[in-house]
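Structure, as structure tokens:
Just so it is clear, the values below take in all heavy atoms, side chains as well, and ignore hydrogens, waters and symmetry mates.
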Amino acid sequence: MLINKSITDFVDDLASDSPMPGGGGVAALAGALGTGLGLMVCSLTEGKEKFKDAQGAIAKFKQEGMRLKEELLRGIDGDGNSYLGIVNAYKLPKSTETECNSRKQAVQEATKEAARFSLSVGQNCLQVMKFAIDVIQYGNPNAVSESFACGLLAYAGIYSALVTVEINLASIQDQRFVNEILAIDIAVKEEAEVLKEKITGEAANRIVIAK
Ligand SMILES: Nc1nc(=O)c2c([nH]1)NC[C@@H]1CN(c3ccc(C(=O)N[C@@H](CCC(=O)O)C(=O)O)cc3)C=[N+]21
């Protein structure tokens, strides 16, 4: 499993020509790392008298963050496996016309599954950006830089997931499927842009460097 590797082995694997991890799995990792940073800020806020008014909100955000962290960690291997589905479908025999047809069908199905999987990674990363905004607003301001990094790692995760969705869509023939997924893909991107503006705007307001 990819998630049990050391960071060094993971990055070396990534750098090699092995088919996983790919862009989709790294998207999930970026989202998980972002979530970890946001959760760190929750931990630095919890139980502190200074932040007593924020305790209820932080407890709620922490639960959501823990759910997203688990889901994104699962997505690192999950996405890689969904891509392996495509690789394996291409390896099916193609000597007869029947074999060719069923191989083609299997490649199409596996590619749809891979597109759906990376879309779900992108959607989870979008939730991490919302979690980041909550944590920016309610969390310990000493670590607000971590809250911003949480949101911006998730933003990178979204784009990494969505280009993966799109490269898969490019080889899918079922136009109805393509339209349906593309509509969600575009909506996620639009929402991510709004959230990114909000996050960078907050960062500019909250981290003021004397000149
Ligand atoms: N859910 C999902 N996650 C992905 O990460 C994902 C995906 N879908 N869809 C497609 C892109 C692209 N990507 C590649 C990974 C390895 C090779 C690779 O190793 N290619 C070898 C051949 C691989 C083989 O045939 O074994 C080559 O081009 O020479 C290529 C492309 C992962 N992606």
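- The closest side-chain heavy-atom distance from Glu146 to Leu44 is not below 4.5 Å.
- For the pair Lys112 and Phe177, the distance from NZ or CZ to the six-membered ring centre is under 6.0 Å and the angle to the ring normal is within 45 degrees.
- Under the 4.5 Å side-chain heavy-atom criterion for grouping Ile, Leu, Val, Met, Phe, Trp and Tyr, Leu152 is connected to Ile207 within one hydrophobic cluster.
- Hydrophobic cluster membership is shared by Leu153 and Ile3, with clusters built from Ile, Leu, Val, Met, Phe, Trp and Tyr side chains linked at under 4.5 angstrom.
- Of the possible polar contacts, one joining the Glu99 side chain to the Ser95 backbone as a donor-acceptor pair under 3.5 Å is found.
- The salt bridge (Lys or Arg N to Asp or Glu O under 4.0 Å) test applied to Glu46 returns Lys62, not counting sequence neighbours.
- When all heavy atoms of Gln123 and Ile184 are compared, the pair lying nearest together is NE2-CG2, 3.4 Å.
- Counting heavy-atom neighbours within 6.0 Å of Glu97 CD, excluding the residue itself, gives a total of 12 or less.
- Using a 4.5 Å heavy-atom threshold, the side chains of Phe148 and Leu37 count as separate.
- To the nearest 0.5 Å, atom CE of residue Met20 and atom CD1 of residue Ile76 are 10.0 Å apart.
- Between Ser118 and Asn168 there is a side-chain heavy-atom pair separated by less than 4.5 Å.
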Show your working on side-chain contact (heavy atoms from CB on, under 4.5 Å) between Glu190 and Ile186 and close with a plain yes or no. CA-CA 6 Å; Glu190 284 174 357; Ile186 291 168; 3.7 Å; yes
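- Residues Val41 and Cys150 have side chains not in contact (no heavy-atom distance under 4.5 Å, counting atoms from C-beta outward).
- Minimum interatomic distance between Leu73 and Ala32 (heavy atoms only, all atoms of both residues): CD2-CB, 4.0 Å.
- Within the model, atoms CD of Gln108 and CZ of Arg103 stand 11.5 Å from one another, a figure rounded to the nearest 0.5 Å.
- Cluster membership for Val135 and Met66, using ILVMFWY side-chain heavy atoms within less than 4.5 angstrom, is shared.
- Remark: the backbone N or O of Ala156 is not paired with any side-chain donor or acceptor of Ser160 at under 3.5 angstrom.
- Among all heavy-atom pairs drawn from Val121 and Ala161, the shortest one is CG1-CB, 4.1 Å.
- For the pair Leu72 and Cys125, the minimum side-chain heavy-atom distance is below 4.5 Å.
- Aromatic ring centres of Phe61 and Phe131: separated by at least 6.0 Å.
- Proximity of Thr45 to Tyr138: side-chain heavy atoms (C-beta onward) are nowhere separated by under 4.5 Å.
- Lys48 NZ: more than 12 foreign heavy atoms inside a 6.0 Å radius.
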side-chain contact (heavy atoms from CB on, under 4.5 Å) between Phe51 and Asn140: does it pass, once the steps are laid out? CA-CA 8 Å; Phe51 309 117; Asn140 188 330; 3.5 Å; yes
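- Closest of all the heavy-atom pairs between Gly25 and Asp79 is N-OD2, 3.3 Å.
- Rounding to the nearest 0.5 Å places CG of Leu195 at 4.5 Å from CD1 of Ile133.
- Every residue was checked against the salt bridge (Lys or Arg N to Asp or Glu O under 4.0 Å) condition with Asp12, not counting sequence neighbours, and none meets it.
- Atom-to-atom distance recorded for Arg74:CZ and Asn81:CG is 13.5 Å, nearest 0.5 angstrom.
- Under a 4.0 Å N-O distance rule, the pair Glu202/Arg206 qualifies as a salt bridge.
- Put simply, the side chain of Phe10 reaches to within 4.5 Å of the side chain of Leu29, judged on heavy atoms.
- Closest approach of Ala115 to Leu169, counting heavy atoms only: CB-CD2, 4.3 Å.
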Please walk me through it: do Lys196 and Glu191 pass salt bridge (Lys or Arg N to Asp or Glu O under 4.0 Å)? CA-CA 9 Å; Lys196 189 205 66 175; Glu191 209 176 334; over 6 Å; no
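- Sparse packing is recorded around NZ of Lys198, with 12 or fewer heavy atoms of other residues, nucleotides or ligands lying under 6.0 Å away.
- For CD of Glu70, the number of neighbouring non-hydrogen atoms (other residues, nucleotides, ligands) closer than 6.0 Å is greater than 12.
- Interatomic distance, Asn179 CG to Arg176 CZ, rounded to the nearest 0.5 Å: 10.0 Å.
- Within the 4.5 Å cutoff, the side chain of Glu71 has heavy atoms near those of the Arg67 side chain.
- In the hydrophobic clustering of ILVMFWY residues, with side-chain heavy atoms under 4.5 Å counting as a link, Ile86 and Val178 come out apart.
- Each of Leu126, Leu119, Ile167 was evaluated against Leu162; a single residue qualifies, Leu119, per the side chain to side chain contact (heavy atoms under 4.5 Å, CB included) test.
- Taking every heavy atom of both residues into account, Gly23 and Thr164 meet most closely at C-OG1, 3.7 Å.
- Heavy atoms of other residues, nucleotides or ligands lying less than 6.0 angstrom from CD of Gln63 number 12 at most.
- Interatomic distance, CG of Leu2 versus CG of Leu14, reported as 9.5 Å (0.5 Å rounding).
- The existence of a salt bridge linking Glu109 and Lys104 is excluded, since no basic side-chain nitrogen approaches an acidic carboxylate oxygen closer than 4.0 Å.
- In the hydrophobic clustering of ILVMFWY residues, with side-chain heavy atoms under 4.5 Å counting as a link, Leu84 and Phe117 come out apart.
- With sequence neighbours excluded, no residue forms a salt bridge (Lys or Arg N to Asp or Glu O under 4.0 Å) with Lys69.
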